[in-house]
Amino acid sequence: MPYALFCNDAKLSNAYPTEGDVWRLARQSGLVVDVMINARSTAHLQLDNDYEIRPCAAEPEEDPWQNRAEAEQEFNIPFAS
């Protein structure tokens, strides 16, 4: 099942094959922040504002694998195979 970036119920990104793909793109776009849980624990990554990554259906004319290939070229992000 493909994944995409959402804010509330609005789909903000193309669909990509894996959740990790969307995390990489969100990080590249500056949408990921470090959050401290408490003074003794290390920071963990979280999406900024009300963004979330959810499974979604790709649009009928959309190919998540092609979206991934285009993002890899555009942003020079090495996606895992």
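The basis for the numbers below is simple: all heavy atoms, side chains too, and nothing from hydrogens, waters or symmetry mates.
Taking every heavy atom of both residues into account, Gln28 and Phe75 meet most closely at CG-CD2, 3.9 Å. Nearest heavy atom pair, residue Lys11 against residue Ala4, reads CE-CB, 3.8 Å. Nearest heavy-atom pair across Glu62 and Ala58 is OE1-CA, 3.6 Å. Shortest non-hydrogen contact noted between Tyr16 and Ala71 is CE2-CB, 4.1 Å. When all heavy atoms of Ala15 and Pro2 are compared, the pair lying nearest together is CB-CB, 3.9 Å. Contact between Leu5 and Ser13 at its shortest, heavy atoms only, is N-OG, 2.9 Å.
Not one N or O on the side chain of Asn49 forms a donor-acceptor pair closer than 3.5 Å with the backbone of Tyr51.
Connection of Val32 to Tyr3 is established within a shared hydrophobic cluster, with ILVMFWY side chains joined at heavy-atom distances below 4.5 Å, either directly or through further cluster members.
With sequence neighbours excluded, the residues satisfying side-chain hydrogen bond (donor to acceptor under 3.5 Å, both in side chains) with Glu52 are Arg54. Contacts of Asn14 classified as side-chain hydrogen bond (donor to acceptor under 3.5 Å, both in side chains), with partners at least two apart in sequence or in another chain: none.
With values rounded to the nearest 0.5 angstrom, Asp48 atom CG is found 12.0 Å from Ser29 atom OG. The distance from the CG atom of Asn67 to the CD atom of Glu72 is 12.5 Å, given to the nearest 0.5 Å. Remark: Ile53 CD1 to Leu12 CG distance equals 11.0 Å, nearest 0.5 Å.
Between Asp50 and Phe6, the closest side-chain pair of non-hydrogen atoms is not below 4.5 Å.
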